[in-house]
Amino acid sequence: RLGGLAAEAGERAFLVGGLVRDIILHRRNTDVDVVVEGAAIDLGNRFAREYGWHLHAHQRFGTAVLLGPEGERIDLATSRIEHYPYPAALPEVEAGSIKADLFRRDFTINALAVELDGTRFGRLLDLFGGLQDIRQGTIRVLHSLSFVEDPTRILRAARFEAELAFQIDAQSLRLIRNAVDLELPARLSGHRLFRELRYLLEAGGAVEGVRRLAGLGMLRFVHPALEAERDGAVERVEAGRDVLDWYRLLFREEAPVRWKVLLTLLLWKLPPEELGDALTGFEVRSRDAHRITGDRRRADRFEQAVIGGAVRGEDPAGVFEHLERISLEIVLALMAVTGHAGVREAISHYIQHLRGIRGALSGSDLIELGVPQGPEVGRWLERLVRARVRGEVNSAEEERELVVR
Ligand code: CTP
C-alpha cells in the first residue's frame, strides 16, 4: 500500500536495512525501515490519511514514523547522501538516489533493498553483492572510508560477526586495523561508543564479540585500563555469560539486564570511583550508574566479609542481609568473578533459595496482633524475614505464633 501511494506520486519506495537481511536469514526482526526516493514526510501523510494511521514527522531530518492501529511501526526516510565534515563526526545530509543511500551504509549485508511499488513489487535490489555475502557469511564494507567516517562500525562488525556467526572479510579487517592504528575510535563520544557496545553485550555471541574487539585492540577505547589485561577482561565476560546461562535455567521471575552484568565484569578491575567515571562518560543514566557503582562496593564488602570470616557462607541470614541490598546483576557478576569457592557457593545458595524472600504478615497485621505502632513494627517485620530466611517459620500462621509468643 505504501509502495502504491509512492508510485501514484511518481516516487519509489524501498524496504531497507536489517529487516531485509533478517528475512533472508530467517531471523526475527520487527524494525521496518522504508526509504523513499522522494518526500518521505508527504508520503507518510498521505498514507496516514488514507489508512487511519498516526504520523510523527521530524521536519529537520525529513524522516517520519508511521504508527498503525495495532501497534505497527514503519520508519520512513528520504533517500539521502551523507557528508562527513571530519572523521567520526555526525554526517551532514542531502537528498539523493536509493543507490547513494545504500552506498552510505555500513556493510553489504545491510545494503540490500526490496522494491515496494506496484510493478516491481518484491524485487530485491542488490547493488553491492549483499546477497552473496549473506550466503557466504561475510561482513564486508562498501568502501574503504567506512570505518573512518564512522568508527562505531568496528563494534558493529564485531557484533554482526558474532551474532550471525559470520566472518569479517580480509580487506575490511585491514581497514579496521588502519582505523585503530590511527586512533580514530578515540574521537567517538562515550555515548556513541557505549550505545554500540551495549548492543554487542546484549547480542547472542557477546563473548565472541568482545574477544574480537580485544584482538583488534579496541578495548582500550572502552577504557584505557583494558589494554593491559585483554585476556582477563574476555575471560570475565565469558564467566558472566556462563553464570547468566545458569541463572536462566533456574526459571526465576527476576530477570537480570544482560549488559549490566557483562559491562560490570568487563570493568571489574577498576576501583569503584573509576567505574563510576567510566559510566558517566558513557552517559549511562545517572540512577543506573550510581546503583552499579554502589552495588560494586557492596559486592566487594560481601566478598571480603566471607573471606575474612565475618560472614559465614552457611549462615543464611548473614548472606541474605548483604546480598539482598545488591541488584541481581551485580550479585551475578560477583558470582562470575570471585576466585573464592565459599563466596560462589554462598551466592549460588542465596539465589536459588533466599533471594526475594518476604514475610507474609504486613505492618497492619502486626498491629492487630498487639505490636505497638511505631518503630517496633519495622523491627518485627525484619525479624520475621530473618526467621523465614533461617527456615524457622514457613507460613503466615507460624509468623503469627512467633509474634504472639
Ligand atoms: N547503519 C550504518 N552505520 C551505522 C549504523 C547503522 O550504516 N553506524 C545502517 C545500516 O545499514 C543498518 C541501518 O543503518 O542496516 C539501520 O541501523 P540499525 O537499526 O542500527 O541496525 P540494523 O542493521 O537494523 O541491525 P539490528 O536491528 O540487528 O541492530
Side-chain angles (χ1 to χ4, degrees), residues 14-36 40 58 61-65 73-84 87-93 96 98-114 124-131 133-134 137-166 168 172 175-176 179 184-185 187-206 209 213 218 221 258-259:
F14 301 85
L15 193 63
V16 297
L19 179 58
V20 179
R21 175 197 72 219
D22 286 342
I23 289 172
I24 296 170
L25 287 168
H26 304 288
R27 285 167 50 90
R28 261 184 75 85
N29 189 329
T30 49
D31 291 349
V32 182
D33 288 304
V34 170
V35 163
V36 192
H58 307 279
F61 301 106
T63 61
V65 183
R73 178 192 164 114
I74 299 175
D75 282 273
L76 283 176
T78 299
S79 56
R80 56 198 206 168
I81 304 173
E82 295 180 354
H83 303 282
Y84 293 80
L90 288 174
E92 290 165 359
V93 177
I98 181 74
K99 179 166 184 181
D101 184 282
L102 295 173
F103 188 63
R104 79 188 162 86
R105 288 168 187 264
D106 50 2
F107 308 113
T108 58
I109 60 166
N110 292 336
L112 290 163
V114 173
L124 185 71
L125 193 65
D126 179 11
L127 301 172
F128 310 104
L131 188 58
D133 283 342
I134 290 180
T138 303
I139 312 285
R140 186 198 314 275
V141 289
L142 291 148
H143 57 83
S144 60
L145 288 179
S146 195
F147 299 113
V148 176
E149 288 172 356
D150 183 357
T152 64
R153 289 175 174 168
I154 301 172
L155 294 128
R156 292 173 63 84
R159 165 160 64 96
F160 288 124
E161 182 180 56
E163 190 171 24
L164 305 175
F166 279 22
I168 302 173
S172 303
L175 295 169
I176 291 178
L184 296 184
R187 303 188 193 184
L188 290 169
S189 68
H191 177 73
R192 290 194 67 212
L193 181 114
F194 174 63
R195 206 181 118 88
E196 283 300 339
L197 179 64
R198 199 182 67 210
Y199 288 143
L200 186 149
L201 295 176
E202 288 283 338
L213 291 181
M218 274 295 285
F221 302 110
R258 203 177 156 81
W259 71 259

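Counting starts at 1 for both ligands and their atoms, following the listed order.
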Checklist line | CZ/Arg258: more than 12 non-hydrogen atoms of other groups inside 6.0 Å | finding: yes
Check: Out of Asp75, Val16, Leu19, which one pairs with Val32 under the side chain to side chain contact (heavy atoms under 4.5 Å, CB included) rule?
Finding: Leu19
Notebook entry, point to check: What is the ring orientation for His143 with Phe103, classed by angle as parallel under 30°, tilted 30 to 60°, or perpendicular over 60°?
Noted result: tilted
Checklist line | Under the side-chain hydrogen bond (donor to acceptor under 3.5 Å, both in side chains) test, residues paired with Glu196 that sit two or more places apart | finding: Arg156, Arg159
Next item on the list: Kindly write out the residues that satisfy ring-ring contact (aromatic ring centres under 6.0 Å, His included) with Phe194, not counting sequence neighbours, or none if the list is empty.
Entry: Trp259, Phe282
Next item on the list: Name all residues meeting the ring-ring contact (aromatic ring centres under 6.0 Å, His included) criterion together with Phe166; count only those two or more places apart in sequence or in a different chain, and write none if there are none.
Entry: none
Check: For ligand 1, what are the residues with a heavy-atom contact below 4.0 Å?
Finding: Gly17, Gly18, Arg21, Asp31, Arg105, Asp106, Asn110, Asp150, Thr152, Arg153, Arg156, Arg159, Phe160
